[in-house]
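Notes for the one structure printed next.
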Amino acid sequence: MNNTILVGIDFSECSLNALSHAVSIAEKSNSNIVMVWVNKLANDKDIVSKDNDLIVLGATQRFSDLLEKYEPIIGKDKISYIIKEGRVYEAMQTACEELDPMLVVIGTHGMSGFSARWLGSNAYRMSLLIDVPIITIRGGVDINKTISKILLPIDSTTETRQKLPLTALLAKYFNATIYVLGIYTSEVKTVNVRVNSYVKQVVNYLVANEIDHVIDELHGTDVADELILYASKINANLISIMDEQERSAANFFSGSSSLQLVTKSPYPILISHAKNIYSTISKN
């Protein structure tokens, strides 16, 4: 894994919004940004070579504008773009395999191109297929917001703690506060004892790494909507969850809850993968 952030771009307002968030993270983490545009029209039999060349030229010109805008912020050699062809999810998978990024940032709402194909279940499906942590951002999210408050729900599954290191790393970059939210959806004592134990372990980790945090609880079964309400209450900038590792029948991301969260949340969602996490962060 290298210090690169991939951003899916189709030049819609939504994808440009996602790029703005990615630039903010890159500036704090001293990362490179690679913008990815997928030219799906190249496979259209009705598009002749000359027309396709014009389409690519138009994309290249728009990328030049984006480079001019963001190079002064993160550095001339820190932001670039690549053009891929084919299906969007396959092209993004290939880009991840080639560049081995630390993070992918995508927009999940839009009327055309890349972002439209990532709406709802498509965005969630991509987050499962691409073995890289992904931040999904719906259109309309305030691009000027920094990451100051991160919501970290903790349930009874073993994997729930594996999103902690990356979440903590982002908190360190932005000097953010992590809201550790114990999720209690069961009346079974042993399950709730496990949640308590995991919350305590998370808090110990945050204390050891000198990260500001708040501890709270959420009781209920309609967790996706309640998480969004809680995020609204604290004015969160990010909600951190795991991928399919947290989809067992016993936990709150079972069924369609996680899909609903990605689709409905007005707040950016960080989706981490059990095979792709940071094991430690510096205490400095």
- prompt: What's the spacing between S240 OG and L166 CG if we round to 0.5 Å?
  reply: 7.0 Å
- prompt: Can you tell me how far the CG atom of N32 sits from the CE atom of M102, to the nearest 0.5 Å?
  reply: 10.5 Å
task: Might you point out which heavy atoms bring C96 and I130 nearest each other, and give the distance in Å?
output: SG-CG2, 3.4 Å
- request: Would you name the heavy atoms of V132 and P101 that are closest together and state the gap between them?
  value: CG1-O, 3.6 Å
Partners meeting salt bridge (Lys or Arg N to Asp or Glu O under 4.0 Å) with E98 (sequence neighbours left out): K84
query: Under a 4.5 Å cut-off applied to non-hydrogen side-chain atoms, are S272 and L270 in contact?
result: yes
statement: Taking every heavy atom of P72 against every heavy atom of L67, the minimum-distance pair comes out as CD-O, 4.3 Å
query: Got a donor-acceptor contact below 3.5 angstrom from the T160 side chain to the T157 backbone?
result: no
query: Between Y70 and S20, do the side chains contain an N or O donor and an N or O acceptor separated by less than 3.5 Å?
result: yes
- prompt: Going by heavy atoms in the side chains, are D155 and T185 under 4.5 Å from each other?
  reply: no
- prompt: If you round to the nearest 0.5 Å, how far is CZ of F174 from OG1 of T146?
  reply: 5.0 Å
message: Quick check: do L151 and Y267 have side-chain heavy atoms less than 4.5 Å from each other?
response: no
field: Closest approach of V56 to I83 (non-hydrogen atoms, all atoms of both residues)
entry: CG1-CD1, 3.9 Å
- prompt: What pair of heavy atoms forms the shortest contact from N30 to N3, and how long is it?
  reply: O-ND2, 2.7 Å
field: Side-chain donor-acceptor contact under 3.5 Å, Y184 with N196
entry: yes
- prompt: Within the side chain of H213, is there an N or O that forms a donor-acceptor pair under 3.5 Å with the backbone of I211?
  reply: yes
task: Could you check whether the rings of F63 and F11 sit parallel, tilted or perpendicular, using 30° and 60° as the cut-offs?
output: perpendicular
- prompt: Do S156 side-chain atoms and V191 backbone N/O form a donor-acceptor pair below 3.5 Å?
  reply: no
message: Taking the side chain as everything from C-beta on, heavy atoms only, tell me whether I33 gets closer than 4.5 Å to I25.
response: no
Atom CG of D77 with >12 non-hydrogen neighbours under 6.0 angstrom: no
- request: Could you grab the distance from atom CG of N175 to atom CG of D212, nearest 0.5 Å is fine?
  value: 6.5 Å
query: For the atom pair CD1 (I241) and NZ (K163), what is the distance rounded to the nearest 0.5 Å?
result: 8.0 Å
- request: Could you walk me through whether L164 and Y205 pass the side chain to side chain contact (heavy atoms under 4.5 Å, CB included) test, one step at a time?
  value: CA-CA 9 Å; L164 172 60; Y205 184 97; 3.5 Å; yes
message: side chain to side chain contact (heavy atoms under 4.5 Å, CB included) for I215 and V202? Distances and angles first, verdict last.
response: CA-CA 10 Å; I215 308 169; V202 167; over 6 Å; no
message: Quick one, I234 and V214 - any side-chain contact, counting heavy atoms below 4.5 Å?
response: no
message: Contact between H21 and I135 at the side-chain level, heavy atoms closer than 4.5 Å - yes or no?
response: no
task: Give the C-alpha distance, both sets of side-chain angles, the deciding distance and a yes or no for side chain to side chain contact (heavy atoms under 4.5 Å, CB included) between L66 and L16.
output: CA-CA 9 Å; L66 292 176; L16 297 179; 3.9 Å; yes
- request: List the atom of I137, the atom of P268, and the distance in Å for their closest heavy-atom pair.
  value: CG1-CB, 3.9 Å
query: Just how far is it from atom NZ of K149 to atom CD1 of I239, taken to the nearest 0.5 Å?
result: 13.5 Å
message: Are I55 and M35 linked, directly or through intermediate hydrophobic residues, by side-chain heavy-atom contacts shorter than 4.5 Å (ILVMFWY only)?
response: yes
